[in-house]
Amino acid sequence: MAPTLAVPFNDSSALIDFVINQGNGVKGLSELGLKALPKQYIQPLEERMCMTNIVPQGSIPIIDMSNWEDPKVVKSICDAASEWGFFQIVNHDVPVEVLENVKDATYNFFRSPAEIKNKYSKEHSSSNNVRFGTSFTPQAEKALEWKDYLSLFYVSEEEAFTLWPSICREQVLDYMKKSKVVIKQLLQVLMKGLNVNEIDEAKESLLMGSMRTNLNYYPKCPNPELTVGVGRHSDVSTLTILLQDEIGGLFVRGNEGDDWIHVPPIKGSLVINVGDALQIMSNGRYRSVEHRVVANGSKNRISVPIFVNPRPADMIGPLPELVANGEKPIYKQVLYSDYVKHFFRKAHDGKKTVEFAEL
């Protein structure tokens with residue numbers, strides 16, 4: 001049973017100690033039964049979700065993958081990637097029980113005692129590839145985000161069995177393995193849309209040479225309207241494959257300036273979005289789009305994204321096939337690990353990271 005506090009944390013160092021150093025995370029804060037949000041989590045007005053900007057009937061495309069080679073399906077995937085940057089897929093090849101198992105495993109990990117989770121924190125984890133944390137980049141943020149996460153960078157099955165928490169390891173590995181089939185299908189279709197008709201080994205490892213899975217936990221929040229689960233950002237991946245639970249709360253930037261579109265949970269579906277790496281490699285034909293997660297006042301929410309990335313040592317830039325056709329490159333070649341470091345050095349700031357690669 002968590003202790004209850006008479007006063008919220010007015011002292012930042014006490015809050016940091018409780019949330020980060022002791023490994024309680026925001027889940028621990030939420031379970032204290034606070035009546036008011038600690039001031040460290042209060043976002044500036046311009047970063048809070050304004051309900052009048054939500055498109056009431058808006059929806060990102062929903063694509064049936066049961067016949068993914070059908071030209072109509074191929075066209076709808078490429079159109080969604082270029083016009084929306086986001087779409088949901090149904091009837092894909094990842095079995096529903098695999099998705100349910102990884103959701104259960106996520107809850108099980110976050111139910112673990114703080115001292116167990118804390119073993120995987122930045123200070124204590126035996127590897128950079130396994131990281132339990134909170135918010136996004138606490139040392140760079142003016143206001144913290146209302147979220148805890150476990151981040152698992154995949155190197156090999158052997159390493160995963162040695163380093164990943166046993167309570168969720170097999171379920172995450174299974175989810176990644178089964179998702180690979182769908183990732184390859186999507187990349188094949190998207191490359192075809194750029195007239196890149198063959199994905200050889202070198203191209204495959206450029207597009208999907210490394211993968212990271214996050215288990216995200218958004219505990220219920222005393223003043224959800226004052227904070228964010230995740231601030232506005234676009235992903236640095238090639239593609240992100242996201243499993244969300246039934247609670248909802250993910251919003252995507254619409255095509256009309258300041259509009260936001262809610263991505264409703266559909267049982268068994270996966271949300272797919274284009275990341276900055278694919279925007280750069282496609283020379284801007286496919287768009288990575290800003291998205292954010294709102295905090296929830298009545299329910300805990302989880303989500304499990306797989307980030308499909310180039311390898312850290314890869315150079316990314318417009319694909320040679322596009323430039324060979326006389327297309328003018330709008331991005332330079334950048335080392336992928338430099339791009340990612342740039343992203344993690346600062347707080348979430350919408351689409352600004354991609355400027356790093358602009359010519």
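All residue numbers in this chain count up from 1 along the given sequence.
By the side chain to side chain contact (heavy atoms under 4.5 Å, CB included) test, K27 pairs with E31, F110, K117, D148, Y217, P219, sequence neighbours left out. When the side chain to side chain contact (heavy atoms under 4.5 Å, CB included) test is applied to K332, the partners found at least two apart in sequence or on another chain are V334, L359. Partners of H92 according to the ring-ring contact (aromatic ring centres under 6.0 Å, His included) rule, which considers only residues two or more places apart in sequence or in another chain, do not exist here. Not counting sequence neighbours, Y175 has no partner by the ring-ring contact (aromatic ring centres under 6.0 Å, His included) test. Residues satisfying the salt bridge (charged side-chain N to carboxylate O under 4.0 Å, His left out) test with E83, not counting sequence neighbours, are none. Shown here are the ring-ring contact (aromatic ring centres under 6.0 Å, His included) partners of F87, two or more places apart in sequence or in another chain: there are none. Residues that satisfy the salt bridge (charged side-chain N to carboxylate O under 4.0 Å, His left out) test with R311, not counting sequence neighbours, are D314.
Ring orientation note: the planes of Y41 and W146 are nearly perpendicular, at an angle over 60° on the 30°/60° scale. Using a 30° and 60° split on the angle between ring planes, H233 and H291 fall in the tilted class, from 30° to 60°.
M315 belongs to a hydrophobic cluster whose remaining members, ordered by chain and number, are L335; membership requires side-chain heavy atoms of ILVMFWY residues under 4.5 Å apart, directly or through intermediates. Residues F153 make up the rest of the hydrophobic cluster containing V155, defined by ILVMFWY side-chain heavy atoms closer than 4.5 Å, directly or through other members. With a 4.5 Å cut-off between side-chain heavy atoms of Ile, Leu, Val, Met, Phe, Trp and Tyr, the cluster of V90 takes in I62, I266.
Counting only residues at least two apart or in different chains, salt bridge (Lys or Arg N to Asp or Glu O under 4.0 Å) contacts with residues 96-107 comprise E100-K103, E100-K267. Counting only residues at least two apart or on different chains, the side-chain hydrogen bond (donor to acceptor under 3.5 Å, both in side chains) pairs with a member in residues 185-200 are D93-Q185.
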